[in-house]
Amino acid sequence: LLEKMADVSLKEAALIVGVVAACYWNSLFCGFVFDDVSAILDNKDLHPSTPLKNLFQNDFWGTPMSEERSHKSYRPLTVLTFRLNYLFSELNAVSYHFLNLVFHVVVCIVFLKVCKLFLDNRSSIVASLLFAVHPIHTEAVTGVVGRAELLSSIFFLAAFLSYTKSKGPDNTIVWTPIAVTVFLVAVATLCKEQGITVVGICCVYEVFIAQGYTLPALLDTAVQILRGKGSIPFSMLQTLLKLIVLMFSTLLLVVVRVQIIQSQLPVFTRFDNPAAVSPSPARQLTFNYLLPVNAWLLLNPSELCCDWTMGTIPLVESLLDVRNVATLTFFCFLGSLMVFSLRYPGDSSKTVLMALCLIVLPFIPASNLFFPVGFVVAERVLYVPSMGFCILVAHGWKKLSTKSVLRKISWVCLAAVLFTHALKTLHRNWDWESEYTLFMSALKVNKNNAKLWNNVGHALENEKNFERALQFFIQATQVQPDDIGAHMNVGRTYKNLNKTKEAEESYMIAKSLMPQIIPGKKYAARVAPNHLNVYINLANLIRANESRLEEADQLYRQAISMRPDFKQAYISRGELLLKMNKPLKAKEAYLRALELDRTNADLWYNLAIVYIELKDPTEALKNFNRALELNPTHKLALFNSALLMQESGDARLRPEAKQRLLHYVKEEPQDSNGYFNLGMLAMDDKKDMEAEAWMKKAIRLQPNFRSALFNLALLYSQTGKELMALPVLEDLLRYYPDHTKGLILKGDILMNQKKDIVGAKMCFEKILELDPNNVQGKHNLCVVYFEERDLIKAEKCLVETLALAPHEEYIQRHLNIVRSKIASLSAMEQSSLPSDGNAATEVKKSSFQNLKEAKSEKTTTQSTADNKSERSKNKKPTEKSSVDKETPKKSTKEIKDIEKKRVAALKRLEEIERILNGE
């Protein structure tokens with residue numbers, strides 16, 4: 001490529017770099033908008049964890065080419081550059097915009113080299129500068145997905161430049177440049193489909209420029225040969241040979257491309273391109289009218305719009321429509337230029353011919369000539385055709401500037417055009433700053449496009465401004481009453497506003513607009529796949545009502561009957577079946593979805609949850625592991641598989657559980673649950689200092705984290721730091737005054753460590769207020785009475801406690817001690833009892849081992865709810881439900897600790913007995 005730029009001086013290159021930088025510097029401050037969301041933010045092919053081969057199996061948006069919902073846009077090399085961006089800066093938009101700017105500079109410099117083949121040096125610079133500043137390019141340069149145009153253009157122009165070197169001395173064929181051309185054409189096509197059209201430009205160049213033929217000369221030669229009055233000249237045979245090689249290579253590329261899309265065209269709705277589904281002559285008249293519309297955008301780029309679909313350009317339904325005049329004028333002008341360029345020899349006609357080729361041939365894939373496209377007008381597809389336009393303008397300017405009368409005016413006009421275009425480009429870039437600014441700018445140009453109203457609503461919805469979003473969605477339904485997506489958007493927004501009745505009504509309207517099933521005809525081919533989500537969204541809404549679960553299931557089954565490969569319907573139905581306590585049927589649904597997509601980590605995760613419900617932790621763990629093989633950063637699989645390992649009680653699994661939790665907290669550094677469970681693992685491993693650090697981190701992130709607060713206090717009490725536990729328990733009971741275990745632990749510490757009998761008594765009385773049958777709390781209150789020397793009350797209390805737990809030996813022994821004390825006091829007629837703090841209180845320490853709490857966030861399933869229509873790809877929000885629970889199993893070591901504490905308790909009983917006997 002550098003060799004091909006050899007004729008471009010350093011000053012010229014610096015000028016272009018400066019002009020492009022001046023026009024596009026503010027694009028670096030723009031974010032990801034419109035199609036960038038699907039191609040960048042939602043595209044898993046950018047992630048390093050995704051195998052590189054997926055780039056060559058999926059379309060531009062990350063959807064497998066084999067799926068019907070695929071747009072069939074195959075641009076793996078462009079996606080590869082996105083992946084490189086992600087590798088260096090992840091989702092930092094600045095790097096993506098900067099690389100686009102660099103590619104635009106490269107295109108402008110290579111274009112300058114091409115211009116110098118047909119224009120003088122000054123005119124070439126004019127054409128290149130006009131191309132650099134033209135406002136029509138903002139969509140291709142400032143919109144990140146426009147990189148497909150930029151990359152394809154680089155290789156498009158490089159292929160053409162290579163081909164211009166295929167003619168050797170004495171009209172011989174130089175094959176190396178031709179081979180390089182074929183290779184560069186393939187690369188350009190892998191960046192964007194229109195790259196293949198450079199072959200047509202090379203053919204025209206070979207015949208009319210390199211060989212110098214004119215159309216009349218070719219016709220005369222053909223007539224002579226047909227009459228048998230002459231033979232084919234050797235030079236023409238060589239030309240034919242080169243053209244055959246080019247065309248054969250092109251045909252091979254086309255065959256490969258058709259194989260890649262599996263001979264299927266993408267499914268578009270009638271809203272994307274209304275003319276494509278219109279009857280004759282409206283279809284032909286509208287398609288022809290779109291050509292002068294595109295030409296006008298090049299001539300006068302004052303009103304630019306990011307989306308020209310739906311009702312932007314009304315159909316031309318009659319020959320009497322005044323817009324046909326514009327079509328006729330356009331074809332007359334185009335025809336006159338073609339006649340001039342093909343009929344007459346000379347440099348001027350050659351320049352015009354190549355300009356026309358650059359305008360017409362790259363535009364053919366977007367012209368609806370061979371197949372319908374998913375848009376009406378798209379400014380970014382004019383990126384390459386504008387090169388021909390710029391050459392025409394520069395050539396016309398050259399003609400004017402050579403005339404003395406018009407020289408000054410031509411320079412003034414040129415300066416005015418370049419300056420105003422540069423200002424317009426600079427201003428237009430700010431429109432791409434955010435989705436809201438982009439779509440609001442579009443609405444200023446066109447208010448008849450329901451998609452624009454929808455997209456402004458989406459932008460407001462992303463900012464949680466549901467009230468304003470609803471206004472735009474409702475306006476979209478008024479602009480296009482039969483727009484299914486708009487009604488779905490209204491329903492979803494009502495749902496977000498907790499207006500379920502209105503939401504259901506909107507979904508029902510959208511459902512009623514769905515085409516009816518025609519026996520023997522494939523349903524999916526007549527409707528956009530995302531519109532089928534109306535069944536999913538409606539079912540997700542009504543299943544919140546426990547009495548309507550069967551109705552929701554019927555909707556899921558209806559969606560599946562319409563499209564047996566509707567993966568999301570199986571996923572959502574599996575989640576519902578779990579809710580209906582039908583795990584076996586849920587398992588069937590997920591296995592069916594896995595038949596459609598075995599590379600979906602979320603499906604393996606959901607199946608793991610099913611196995612948890614089926615009480616099969618081994619299979620659950622296997623499926624969690626499959627999910628993590630496909631997506632090592634799958635947060636929920638990391639978290640829940642670690643919990644499963646932790647709860648298994650298998651010490652061999654703890655190291656791996658810890659690694660997964662560490663990975664989880666790296667992915668979710670603000671989630672306190674990850675740190676808490678790391679603390680619980682450390683407690684299981686008796687790593688007290690580490691457990692303390694994790695618990696404190698969890699509490700810093702969530703000061704009212706109930707389980708973390710209690711277990712930290714418990715940790716302190718078990719490690720001889722009872723006084724450090726008290727402030728933690730104070731925090732716990734401030735947030736949760738009825739936390740029974742916290743009250744027991746606090747009362748025990750107050751009585752045994754602080755000797756605060758009053759405080760301990762308040763704790764135990766509070767427990768009995770909450771639960772009068774709490775044995776532990778009641779027994780400890782009995783001990784408080786004993787400490788207060790109220791033996792009668794202590795005896796009564798212990799009798800009541802024994803009635804609640806008649807098999808607890810320690811309660812009976814304490815009762816016997818108290819009764820023995822009462823009897824000895826009566827015998828000796830003593831009125832008081834000497835206090836012995838060490839012997840007065842016996843709280844059954846072993847019970848505290850059972851206080852250990854564990855909190856786990858267990859996610860049932862992962863599904864897509866309320867899918868956004870129009871431009872949004874399916875996203876997978878997760879549902880979490882947390883429960884506090886006691887650890888159900890004890891290790892052998894823990895049981896031994898309990899026994900040690902029981903022995904200590906018995907020794908204290910003996911001490912009480914010795915004191916009583918001594919008195």
Side-chain angles (χ1 to χ4, degrees), residues 1 4-27 100-142 146 149-150 153-154 156-158 160-161 295 297-302 304 351-352 354-355 358-359 362 379-380 382-402 406-429:
L1 210 63
K4 300 182 191 315
M5 295 183 200
D7 293 342
V8 177
S9 71
L10 189 61
K11 288 183 179 179
E12 291 167 343
L15 175 64
I16 289 173
V17 170
V19 169
V20 171
C23 289
Y24 286 100
W25 64 268
N26 57 338
S27 69
N100 271 26
L101 193 151
V102 170
F103 286 145
H104 184 52
V105 168
V106 174
V107 173
C108 293
I109 293 174
V110 182
F111 177 57
L112 175 59
K113 171 64 178 172
V114 171
C115 290
K116 289 187 175 185
L117 297 174
F118 312 109
L119 295 169
D120 60 34
N121 198 58
R122 180 182 293 172
S123 301
S124 297
I125 293 173
V126 168
S128 185
L129 289 177
L130 181 58
F131 179 81
V133 303
H134 203 295
I136 202 73
H137 299 154
T138 51
E139 184 170 338
V141 180
T142 309
E149 260 73 28
L150 306 177
S153 299
I154 291 173
F156 179 102
L157 295 174
F160 176 71
L161 285 172
L297 287 174
L298 290 173
L299 279 168
N300 179 30
S302 59
L304 299 178
T351 300
V352 172
M354 292 311 299
L358 281 169
I359 292 172
E379 292 165 12
R380 62 174 175 264
L382 294 174
Y383 189 77
V384 176
S386 68
M387 295 177 184
F389 170 78
C390 292
I391 290 175
L392 274 183
V393 171
H395 184 57
W397 173 83
K398 174 189 171 185
K399 295 288 187 184
L400 291 176
S401 63
T402 55
L406 300 174
R407 182 177 293 125
K408 289 184 178 180
I409 296 176
S410 65
W411 277 100
V412 170
C413 290
L414 176 64
V417 167
L418 291 176
F419 182 70
T420 54
H421 276 40
L423 280 182
K424 173 66 177 176
T425 298
L426 191 66
H427 181 265
R428 174 68 172 154
N429 287 335

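Just the heavy atoms: all of them, side chains too, but no hydrogens, waters or symmetry mates, feed the values below. Small disclaimer: the values here were computed from a predicted structure and weren't measured.
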Q | ring-ring contact (aromatic ring centres under 6.0 Å, His included) involving His395 - partner list, sequence neighbours excluded | A |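 Partners of His395 under the ring-ring contact (aromatic ring centres under 6.0 Å, His included) test: none.
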
Q | ring-ring contact (aromatic ring centres under 6.0 Å, His included) involving Phe131 - partner list, sequence neighbours excluded | A |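 Phe131 satisfies ring-ring contact (aromatic ring centres under 6.0 Å, His included) with His104, Phe111, His137, Tyr383 once adjacent residues are dropped.
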
Taking atom [atom1] of [X] and atom [atom2] of [Y], what is their separation to the nearest 0.5 Å?
X: Cys115; Y: Met354; atom1: SG; atom2: CE; value: 11.0 Å
X: Cys108; Y: Leu130; atom1: SG; atom2: CG; value: 10.5 Å
X: Arg407; Y: Thr402; atom1: CZ; atom2: OG1; value: 7.5 Å
X: Asn121; Y: Ser9; atom1: CG; atom2: OG; value: 7.0 Å
X: Leu157; Y: Ile109; atom1: CG; atom2: CD1; value: 12.0 Å
X: Cys413; Y: Leu418; atom1: SG; atom2: CG; value: 11.0 Å

Ignoring hydrogens and angles, write down the donor-acceptor pairs under 3.5 Å from the side chains of residues 15-22, residues two or more places apart or on other chains.
none

Q) Which heavy atom of Leu119 sits nearest a heavy atom of Ala127, and at what distance? A)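 Reported closest heavy-atom pair: CD1-CB, 4.3 Å.
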
(Q) Ignoring hydrogens, what is the shortest heavy-atom contact between Ser27 and Leu101? Give both atom names and the distance. (A)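 Scanning both residues, the minimum pair turns out to be OG-CD1, 4.2 Å.
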
Q: Begin with the C-alpha distance, continue with both residues' side-chain angles, and end with the deciding distance and a verdict on side-chain contact (heavy atoms from CB on, under 4.5 Å) for Leu358 and Phe156.
A: CA-CA 11 Å; Leu358 281 169; Phe156 179 102; 3.8 Å; yes

Do [X] and [Y] have side chains that get closer than 4.5 Å, going by heavy atoms?
X: Phe160; Y: Leu117; answer: yes
X: His134; Y: Leu382; answer: no
X: Leu304; Y: Glu379; answer: yes
X: Trp25; Y: Leu426; answer: yes
X: Leu298; Y: Ile359; answer: no

Q) Is there any side-chain hydrogen bond (donor to acceptor under 3.5 Å, both in side chains) pair reaching into residues 418-429, and which pairs are they, with sequence neighbours excluded? A)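 Every pair satisfying side-chain hydrogen bond (donor to acceptor under 3.5 Å, both in side chains) with a residue in residues 418-429: Asn26-Asn429, Thr142-Asn429, Arg428-Asp431.
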
Q: Provide the full list of salt bridge (charged side-chain N to carboxylate O under 4.0 Å, His left out) pairs with a residue in residues 12-25, sequence neighbours left out, each pair given once.
A: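 Applying salt bridge (charged side-chain N to carboxylate O under 4.0 Å, His left out) to every pair that reaches into residues 12-25, excluding sequence neighbours, yields Glu12-Lys116.
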
Q.
Please enumerate all residues that pass salt bridge (charged side-chain N to carboxylate O under 4.0 Å, His left out) together with Lys398, with sequence neighbours excluded.
A.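 For Lys398 the salt bridge (charged side-chain N to carboxylate O under 4.0 Å, His left out) partners, ignoring immediate neighbours, are Asp120.
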
Q: Could you go through the side-chain contact (heavy atoms from CB on, under 4.5 Å) check for Thr138 and Tyr24 one step at a time?
A: CA-CA 8 Å; Thr138 51; Tyr24 286 100; 4.2 Å; yes

Q. Short question: side chain of Trp397, backbone of Ser410 - any donor-acceptor pair under 3.5 Å?
A.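 Yes; judged by distance alone, with no hydrogens or angles, the pair exists.
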
Q) Is there a donor-acceptor pair under 3.5 Å between the side chain of Ser153 and the backbone N or O of Val384? A)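 It does not hold such a pair.
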
Q. Do you know which of Val141, Val133, Leu423 makes side-chain contact (heavy atoms from CB on, under 4.5 Å) with Cys23?
A.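 With Cys23 as partner, side-chain contact (heavy atoms from CB on, under 4.5 Å) holds for just one option, Val133.
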
